[in-house]
Amino acid sequence: MAIFQKKRRNILPGFGLSMGYTVFYLSAVVIVPLSMIFFNAIPMGWEPFLSAVTAPRVLASYKLSFSTAFFAAIFDAVAGLLTAWVLVRYRFPGKAFLDALVDIPFALPTAVAGICFATLYSPMGWLGEITAKWNIEVINSPTGIVVALIFIGFPFVVRTLQPVLEELEPEIEESAHCLGATRLQTFRKILLPHLFPALLTGSTLAFARGIGEYGSVIFIAGNLPMKTEIAPLMIMSKLDQYDYNGASAVALVLLVISFSMILLLNAIQEWQQKEYR
């Protein structure tokens with residue numbers, strides 16, 4: 001007796017049509033625009049390319065961009081974890097308002113954020129007067145760049161951790177406490193293994209965003225040669241000088257590093273998923 005099974009109908013079209021649209025969309029929006037960086041940099045030749053990406057000012061900008069983005073991502077990891085924990089595990093008046101504030105860096109133009117920080121930390125600003133008394137220089141220094149990058153990277157950590165925290169039942173912590181585990185042991189052995197992939201993802205996204213951030217940094221950095229020039233500023237400077245090949249070479253380095261970080265992140269996540277299966 002033949003058994004006829006009704007063909008399952010999906011909301012979206014079949015694999016062929018959906019896959020074709022996906023490839024077309026990614027090619028038009030991501031692959032083709034980014035490939036222009038390679039096409040502009042390749043005609044330079046190997047020696048001019050190395051000369052462009054290893055110039056003293058360019059190397060100084062790489063060092064500044066990566067170091068400030070790293071420290072900002074570390075701070076965002078700690079602050080973002082605490083904020084996500086409070087927003088998920090506690091109920092209090094004004095919670096919805098605080099939750100909405102987390103997304104402000106996503107919606108606010110980065111130039112507006114840069115002007116706000118430059119005004120706030122200027123010698124005549126509210127916080128600038130306080131930091132000046134302690135001989136802490138924020139404006140025209142790497143410290144100011146870190147402050148700006150903390151602001152724009154913070155939502156990545158919070159929004160990545162919130163869904164994971166919502167899936168963790170509070171009963172798990174209560175069970176560990178009943179079995180005699182301390183708070184530190186509960187966090188290190190029970191919570192952290194589940195939170196670490198999301199925490200690493202959010203921190204990496206914040207780090208990658210910080211590497212390429214431009215608008216919120218230039219107003220507070222001062223753009224001093226060899227001191228507070230970030231890598232995106234070097235790209236803009238070369239474009240202003242009509243050095244399109246040189247700008248593409250610097251952009252290519254940033255693109256390769258950012259893409260390598262994302263690939264490494266995906267590999268770490270897959271390894272962790274296999275470890276905890």
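Sequential numbering from 1 along the given sequence is applied to the chain's residues.
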Between [X] and [Y], is there shared hydrophobic-cluster membership here, with clusters defined by ILVMFWY side-chain heavy atoms closer than 4.5 Å?
| X | Y | value |
| --- | --- | --- |
| Phe92 | Trp85 | yes |
| Leu64 | Ile220 | yes |
| Val102 | Leu82 | no |
| Met44 | Val58 | no |

What is the distance from atom [atom1] of [X] to atom [atom2] of [Y], rounded to the nearest 0.5 Å?
| X | Y | atom1 | atom2 | value |
| --- | --- | --- | --- | --- |
| Leu224 | Ser141 | CG | OG | 9.5 Å |
| Met36 | Leu252 | CE | CG | 13.0 Å |
| Ile230 | Ser65 | CD1 | OG | 5.5 Å |
| Ser27 | Leu34 | OG | CG | 11.0 Å |
| Ser248 | Ile235 | OG | CD1 | 8.5 Å |
| Leu120 | Ile115 | CG | CD1 | 13.5 Å |

Would you say [atom1] of [X] has more than 12 non-hydrogen atoms from neighbouring residues, nucleotides or ligands within 6.0 angstrom?
| X | atom1 | answer |
| --- | --- | --- |
| Lys95 | NZ | yes |
| Phe66 | CZ | yes |
| Phe39 | CZ | no |

Between [X] and [Y], what is the shortest heavy-atom contact and its length?
| X | Y | value |
| --- | --- | --- |
| Lys238 | Val250 | CE-CG2, 3.8 Å |
| Ile218 | Gly215 | CG1-O, 3.7 Å |
| Ala73 | Ser203 | CB-O, 3.7 Å |
| Ala231 | Leu254 | CB-CD1, 3.9 Å |
| Asp76 | Val157 | O-CG1, 3.6 Å |

Sorted by first residue and then second, give each ring pair (Phe, Tyr, Trp, His ring centres under 6.0 Å) pair with at least one member in [range]; sequence neighbours left out.
| range | answer |
| --- | --- |
| residues 155-175 | Phe106-Phe156 |
| residues 113-151 | Phe117-Phe151 |
| residues 213-262 | none |

Exercise for review: For residues 54-71, pull every pair meeting salt bridge (charged side-chain N to carboxylate O under 4.0 Å, His left out), keeping only residues two or more places apart or in separate chains.
Suggested key: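 Only Arg57-Glu229 qualify under salt bridge (charged side-chain N to carboxylate O under 4.0 Å, His left out).
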
**Study point:** salt bridge (charged side-chain N to carboxylate O under 4.0 Å, His left out) contacts touching residues 249-261 (sequence neighbours left out)
**Key:**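 Listed by first then second residue: nothing to list.
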
Review point. Is the side chain of Ser122 donor-acceptor paired with the backbone N or O of Thr119 at a distance under 3.5 Å, no angle test?
Key: yes

Point to revise | Donor-acceptor contact present, side-chain Ser35 to main-chain Val32, <3.5 Å | key: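 Checked: pair present.
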
**Study point:** Partner set under side chain to side chain contact (heavy atoms under 4.5 Å, CB included) for Phe75, not counting sequence neighbours
**Key:**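 Checked Phe75 against side chain to side chain contact (heavy atoms under 4.5 Å, CB included); matches are Ala79, Ile150.
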
Practice item. Among Val88, Thr83, Asp103, Leu81, find the one that has a side-chain contact (heavy atoms from CB on, under 4.5 Å) with Val158. Key: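 Going through Val88, Thr83, Asp103, Leu81 one by one, the side-chain contact (heavy atoms from CB on, under 4.5 Å) with Val158 is satisfied by Thr83 alone.
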
Check your understanding: Should the pair Asp99-Arg159 be classified as a salt bridge under the 4.0 Å nitrogen-to-oxygen rule?
Key ->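 Counted as a salt bridge, because a side-chain N and a carboxylate O are separated by less than 4.0 Å.
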
**Study point:** Test item: Met226 and Pro56 side chains (from C-beta on) under 4.5 Å apart, heavy atoms
**Key:**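 Sidechains of Pro56 and Met226: in contact.
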
